[in-house]
Protein chains: 2
Amino acid sequence: MSRMIDPYDAIPKYYQLAAILREKIENGDWEPRSAIPSERQLEVLYDISRTTIREAIDQLVRQGYLYREHGRGTFVSPQKLQKAMLDLTSFSEDLLRRGIQPGQIIRSLEWIVPIPKILQRLELAPATKVLRIERIRLGDGVPIGLQTSFLALKEGQEITREELEERGSLYTILQEKLRIIPSEADETLEVTLATPEEAALLQIPAGAPLLLSERVLFAQDRRPVEYVKILYRGDRYRYTVRLRR
Amino acid sequence: MSRMIDPYDAIPKYYQLAAILREKIENGDWEPRSAIPSERQLEVLYDISRTTIREAIDQLVRQGYLYREHGRGTFVSPQKLQKAMLDLTSFSEDLLRRGIQPGQIIRSLEWIVPIPKILQRLELAPATKVLRIERIRLGDGVPIGLQTSFLALKEGQEITREELEERGSLYTILQEKLRIIPSEADETLEVTLATPEEAALLQIPAGAPLLLSERVLFAQDRRPVEYVKILYRGDRYRYTVRLRR
DNA sequence: TAATGAAACTGGTAGTGACCACATGACCAG
DNA sequence: CTGGTCATGTGGTCACTACCAGTTTCATTA
């Protein structure tokens, strides 16, 4: 057995167990579609209660690593790329997991009062200031998207150009500096045609087809945090999602 | 209190409770962002154990109806449209929840051996036959998408043109007739331009921009069931998803 | 008056024990 | 050989209990 559970660790046991099991799955210790030890066996193996074991397995089932069959057992999902599969990802994460080097050019970063539609989406009072960040997103150095974020930040919460240039990922700053954990988002996608200005920035002909994404990001407490609009080059970007029932 | 829990019902108690709470939220009995009764209060109110209550609340939290704050309580999510929000939806469900009447023209329905790429996506052996269904999808009578499905069905599982015309939704037939429950899907979206043939079927000019979606659908046991390719009219369709961490 | 700290709440984690529902394979009767 | 039955294994549901970890309230203290 690879690792054991440390009952004195501050990390919950069910979480420790989930990590151990996930590792075995990713390492290929267990074949896809093969049964993992039964809940009663795991009880003995790791000396923890079935309650805790079921909580760990629940987590992995939700994440798509395992599936259960009543009366038969719990089995390893055969999804090939399950490891790197996140659902709600930032632009940078998204590119990184495809093996593309993310990059950015920050065109502007300033506090402004946005148009009413955006204020409404962010559930803010009229004339409230938000932080607008305009960036050209790069994949392996080539422009692939035009991104405009509008952030609903509280007093005292600030993001500087330097931080953004350094970290690269807005989501990282939100989480680590501001303790805002992105937890859900509503996104819409549609097709549009590039205006001359957009075309110039993306280095494509005017009128070329673009993929337009609009996303509202919510924090743990379901408060809207960011409204972001991204224009992707139609010829260089493919959007992927994993959907669940 | 609206409804109570029937301990003799075959439906699990946690599920009954989740339904009761969901109803209160959707009815607006509880204000968004207000706290629902604490777990210990619900224990008394419904005369069930905290284990069961937490399981019901877990379900609603995952579905986005509620959120928890450690030490403070459990609160109603303020998402306006949460009720109709599903993640993995069929074409018909998708349109219906936007108030558009779905329709279809079935162009063909036959067993064929698809190209290797599709067999591989469906994890089938070479030269395996699958059921291909070509449909023009309509919204309020107007063509909005061109859909080609490839279904990996077992011996004896069959779908007829009549059934499909009658029920309208492929997912309904999968679930109710074949007992295949769609549970997860991987989807990619990109932009393309209409070929003359596609343009004719969709009643748009050749070269008009389209939204191309490719989806692999998985059943409960993570077996691939359907590979489906949909071409949406760029000017009439907007794709929406809810993403989760 | 302002600081503090204890009490009383909240959800989070964990163990134990029980019984139900479903799947499977061994066994037996026809 | 066929079909039923039963034991045993699996996950699914549920109750009760205990304690931990944050938050809020409010009486007490400096």
Side-chain angles (χ1 to χ4, degrees), chain A residues 4-21 30 33-62 64-77 179 181 183 219-222, chain B residues 4-21 30 33-62 65-77 179 181 183 219-223:
Chain A
M4 282 304 285
I5 278 158
D6 176 4
Y8 303 108
D9 199 326
I11 298 168
K13 290 190 189 177
Y14 74 88
Y15 195 87
Q16 292 184 51
L17 178 61
I20 292 173
L21 300 181
W30 288 329
R33 298 221 172 277
S34 66
I36 71 168
S38 78
E39 298 176 356
R40 270 109 177 156
Q41 285 169 1
L42 290 170
E43 227 175 330
V44 180
L45 281 173
Y46 291 97
D47 190 31
I48 48 184
S49 77
R50 199 171 153 220
T51 317
T52 307
I53 287 163
R54 282 187 62 82
E55 212 165 341
I57 293 180
D58 276 350
Q59 212 180 78
L60 296 175
V61 168
R62 280 200 301 275
Y65 288 95
L66 298 172
Y67 62 96
R68 298 195 226 248
E69 290 191 23
H70 190 174
R72 303 220 315 125
T74 302
F75 304 85
V76 177
S77 286
R179 300 283 159 210
I181 302 168
S183 70
Q220 324 84 296
D221 61 358
R222 258 63 177 185
Chain B
M4 281 304 283
I5 279 159
D6 175 4
Y8 304 108
D9 198 325
I11 298 168
K13 290 190 190 178
Y14 75 89
Y15 194 88
Q16 292 185 51
L17 178 61
I20 293 174
L21 300 182
W30 288 328
R33 299 220 171 275
S34 66
I36 71 168
S38 78
E39 296 176 356
R40 270 113 178 151
Q41 285 169 1
L42 289 170
E43 227 177 329
V44 180
L45 281 173
Y46 292 96
D47 190 31
I48 48 184
S49 79
R50 202 174 149 215
T51 316
T52 306
I53 287 162
R54 283 186 62 80
E55 212 165 340
I57 293 179
D58 276 349
Q59 210 182 81
L60 296 174
V61 167
R62 280 201 300 276
Y65 288 95
L66 298 172
Y67 61 96
R68 298 195 226 247
E69 290 191 22
H70 190 174
R72 303 221 316 125
T74 302
F75 305 86
V76 177
S77 287
R179 300 284 159 207
I181 303 166
S183 71
Q220 323 87 296
D221 61 359
R222 258 65 178 184
R223 277 183 209 284

What is the distance, rounded to the nearest whole Å, between atom [atom1] of [X] and atom [atom2] of [N]?
{"X": "A:Q59", "N": "C:dG12", "atom1": "CD", "atom2": "P", "answer": "14 Å"}
{"X": "A:Y8", "N": "C:dT13", "atom1": "OH", "atom2": "C1'", "answer": "16 Å"}
{"X": "B:E55", "N": "C:dG11", "atom1": "CD", "atom2": "C1'", "answer": "16 Å"}
{"X": "A:E43", "N": "C:dG15", "atom1": "CD", "atom2": "P", "answer": "9 Å"}
{"X": "B:E69", "N": "C:dC9", "atom1": "CD", "atom2": "P", "answer": "20 Å"}
{"X": "A:D58", "N": "C:dA14", "atom1": "CG", "atom2": "P", "answer": "14 Å"}
{"X": "B:E39", "N": "C:dG12", "atom1": "CD", "atom2": "P", "answer": "6 Å"}

For residues [X] and [Y], determine if any side-chain heavy atom of one lies less than 4.5 Å from a side-chain heavy atom of the other.
{"X": "A:Y46", "Y": "A:I20", "value": "yes"}
{"X": "A:L60", "Y": "A:T74", "value": "no"}
{"X": "B:I48", "Y": "B:I53", "value": "yes"}

### Query
Reading DNA chain D 5' to 3', which nucleotide is the first, and which the last, to come under 4.0 Å of any heavy atom in chain A?
D:dG9 to D:dT13
### Message
B:Y14: which residues meet the ring-ring contact (aromatic ring centres under 6.0 Å, His included) condition with it, sequence neighbours left out?
### Response
none
### Message
Please confirm whether the shortest side-chain N or O distance from A:S49 to OP1 or OP2 of C:dA14 is below 4.0 Å.
### Response
no
### Message
Just N and O in the side chain of B:Q41: are any of them under 4.0 Å from OP1 or OP2 of C:dC9?
### Response
no
Distance, nearest 0.5 Å, that separates [atom1] of [X] from [atom2] of [Y]:
{"X": "B:F75", "Y": "B:E69", "atom1": "CZ", "atom2": "CD", "result": "5.0 Å"}
{"X": "A:R222", "Y": "B:Y65", "atom1": "CZ", "atom2": "OH", "result": "12.0 Å"}
{"X": "A:E43", "Y": "A:Q41", "atom1": "CD", "atom2": "CD", "result": "11.0 Å"}

### Task
Classify the nucleic acid contact of B:T52 as base, sugar-phosphate or nothing, counting any heavy atom under 4.0 Å across all strands shown.
sugar-phosphate
### Query
How would you label the contact of B:T51 with the nucleic acid (heavy atoms, under 4.0 Å): base, sugar-phosphate, or nothing?
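The answer is base, as B:T51 lies within the cut-off (heavy atoms under 4.0 Å) of a base atom.
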### Task
Might you point out which heavy atoms bring A:A18 and A:A56 nearest each other, and give the distance in Å?
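Scanning both residues completely, I find the closest heavy atoms to be N-CB, 3.8 Å.
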Using atom names, set out every protein N or O paired with an N or O of nucleotides 25-27 of chain C below 3.5 Å, distance rounded to 0.1 Å.
none

#### Entry: Evaluation steps, side chain to side chain contact (heavy atoms under 4.5 Å, CB included), between B:D47 and B:I5
CA-CA 9 Å; B:D47 190 31; B:I5 279 159; over 6 Å; no
### Qualifying side-chain hydrogen bond (donor to acceptor under 3.5 Å, both in side chains) pairs, either residue in residues 48-58 of chain B, two or more places apart
B:E39-B:R50, B:E39-B:R54, B:S49-B:T52, B:D58-B:R68
### Task
Please list, chain by chain and in numerical order, all residues satisfying salt bridge (charged side-chain N to carboxylate O under 4.0 Å, His left out) with B:R40, sequence neighbours excluded.
none
Protein N or O to nucleotides 19-23 of chain C N or O, pairs below 3.5 Å:
unit_1 : atom_1 : unit_2 : atom_2 : d
C:dA21 : N3     : A:H70  : NE2    : 2.8
C:dA23 : O4'    : A:G71  : O      : 3.4

### Query
How do A:S38 and B:Y15 order along DNA chain D: which one's closest nucleotide is nearer the 5' end?
A:S38
### Query
Under 3.5 Å, is there a donor-acceptor pair between the side chain of B:Q16 and the main chain of B:D6?
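Confirmed, B:Q16 side chain pairs with B:D6 backbone.
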